[in-house]
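See below for the structure under consideration.
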2 protein chains.
Amino acid sequence: MTKQRALIMNILNQSDRHLTADEIFFLAKLKMPSIAMATVYNNLNAMNDAGLIHRLHIDGAADCFDKITEPHDHLLCDGCGKISDFHLPSLSDTLEATLGHPLLSYDLTVHYLCAECQKGKR
Amino acid sequence: MTKQRALIMNILNQSDRHLTADEIFFLAKLKMPSIAMATVYNNLNAMNDAGLIHRLHIDGAADCFDKITEPHDHLLCDGCGKISDFHLPSLSDTLEATLGHPLLSYDLTVHYLCAECQKGKR
DNA sequence: CTCCAAAAAAGAATGATTCTAATTCTATTA
DNA sequence: TAATAGAATTAGAATCATTCTTTTTTGGAG
């Protein structure tokens, strides 16, 4: 656990949003101007591999990173791109039952229109 | 519907696998040597936007494209990278009920170990 | 204090994808 | 049939996120 990793972890923990590597880099640079992009990626990848954080791919955008509090799924508004979290606890069991063998994990992203975009009908 | 688009559509329809843009480009070039990569992407993007095919992102690999026969979800072996299809018809309704509002679509990828990799315990 | 290994820094390199500009089709109209 | 306009294609440059390579720094063990 290096200073850099602690800083990146902090930034993720204190954000309520999903951050791109670029945003994390920007925020990290405010606190530690010497930090390099490669360090951000190295640590994000290491933490992702260790299961401490979660890399989220959204079509047509840079990957986002997400602190992991509990397993959760994502809700993406196709109008404004806002991402929110939700969780369907029964899904894991349902999937194992359907497939007939154990699963390691799953990624679920639901596309919808948030209330504002629904109104604007974009 | 241009010749190029028909060719790309054919390649996707005749494949039982999920193909990357690169693979599609290679196969297309066999039949139509003058075809350009940009044309492949243009058409794949257009068809994806029109809902005729489906772009699938797999972490750490190039995006794949998939003909759409019926809505389906993906099963990814974390050992060998093999992709297969399955479908959980009830999920859409379950999600709408849980979220309390309509959804546009969803993407579900389940990670598991296929029978061979299970044996090899990679 | 010195040495070693691990991590970080810098910035070049990569690779998938998109963009731009120029060319070629296609379909329609005259 | 010829002319024209618009759309699609081509070629290849450009972009952007991400990774890689090399050098430098750091922090702990002896």
Side-chain angles (χ1 to χ4, degrees), chain A residues 1-12 15 17-66 74 76 78 81 83 107 109, chain B residues 1-12 15 17-66 74 76 78 81 83 107 109:
Chain A
M1 173 62 75
T2 64
K3 275 180 247 149
Q4 288 83 352
R5 176 167 307 188
L7 173 57
I8 292 168
M9 202 76 216
N10 253 349
I11 289 171
L12 279 173
S15 168
R17 299 191 310 103
H18 296 72
L19 300 171
T20 62
D22 226 38
E23 290 170 331
I24 294 166
F25 179 55
F26 176 81
L27 292 172
K29 228 168 165 41
L30 296 179
K31 295 261 177 180
M32 188 186 284
S34 74
I35 199 167
M37 192 62 176
T39 303
V40 172
Y41 270 107
N42 278 344
N43 281 298
L44 288 174
N45 284 334
M47 289 190 281
N48 182 59
D49 292 348
L52 298 171
I53 63 172
H54 186 244
R55 179 191 280 256
L56 174 65
H57 173 84
I58 296 296
D59 231 57
D63 289 1
C64 290
F65 296 85
D66 199 3
H74 291 105
L76 171 66
D78 279 0
I83 302 171
D107 293 308
T109 301
Chain B
M1 172 63 73
T2 64
K3 276 180 247 150
Q4 287 83 352
R5 175 167 306 186
L7 173 58
I8 292 169
M9 202 76 217
N10 253 349
I11 289 171
L12 279 172
S15 168
R17 299 192 310 103
H18 297 71
L19 300 171
T20 61
D22 226 37
E23 290 170 330
I24 294 166
F25 178 55
F26 176 81
L27 293 172
K29 229 168 164 40
L30 295 179
K31 296 261 177 181
M32 190 186 284
S34 75
I35 200 169
M37 192 62 175
T39 303
V40 171
Y41 271 106
N42 278 344
N43 282 298
L44 288 174
N45 285 333
M47 289 190 282
N48 182 60
D49 292 350
L52 299 171
I53 64 173
H54 186 243
R55 178 191 282 254
L56 174 65
H57 173 83
I58 296 297
D59 232 56
D63 288 2
C64 290
F65 296 85
D66 199 4
H74 291 104
L76 171 66
D78 278 0
I83 302 171
D107 292 310
T109 300

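Chain identifiers are assigned alphabetically (A, B, ...) following the order of the sequence lines, protein sequences preceding nucleic acid strands; residue numbering begins at 1 within each chain. Everything quoted here is computed from the prediction, not taken from an experiment.
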So, taking the atom named CD in B:Glu23 and the one named OG1 in B:Thr20, what distance separates them when rounded to the nearest 0.5 Å?
3.5 Å

For B:Ala28, the side-chain contact (heavy atoms from CB on, under 4.5 Å) test, sequence neighbours excluded, returns B:Leu7, B:Ile11, B:Ile35

Reading DNA chain C from 5' to 3', where do the contacts with chain A start and stop? Cut-off is 4.0 Å to heavy atoms.
C:dA7 to C:dG11

Given side chains that start at C-beta, do those of B:Ile53 and B:Ile8 come closer than 4.5 Å, heavy atoms only?
no

Residues in salt bridge (Lys or Arg N to Asp or Glu O under 4.0 Å) contact with A:Arg55, at least two apart in sequence or another chain
A:Asp63

Looking at CE of B:Met9 and CE of B:Met47, how far apart are the two atoms once the value is rounded to the nearest 0.5 Å?
5.5 Å

Set of side-chain hydrogen bond (donor to acceptor under 3.5 Å, both in side chains) partners for B:His54, sequence neighbours left out
B:Asp107

Sequence neighbours left out, what passes side-chain hydrogen bond (donor to acceptor under 3.5 Å, both in side chains) with A:Asn42? Give chain and number order.
none

Would you give a per-nucleotide map of nucleotides 9-24 of chain D, 5' to 3', where B means the base has a protein non-hydrogen atom under 4.0 Å away, S means only the sugar-phosphate does, and - means neither?
SBBB----SSBB----

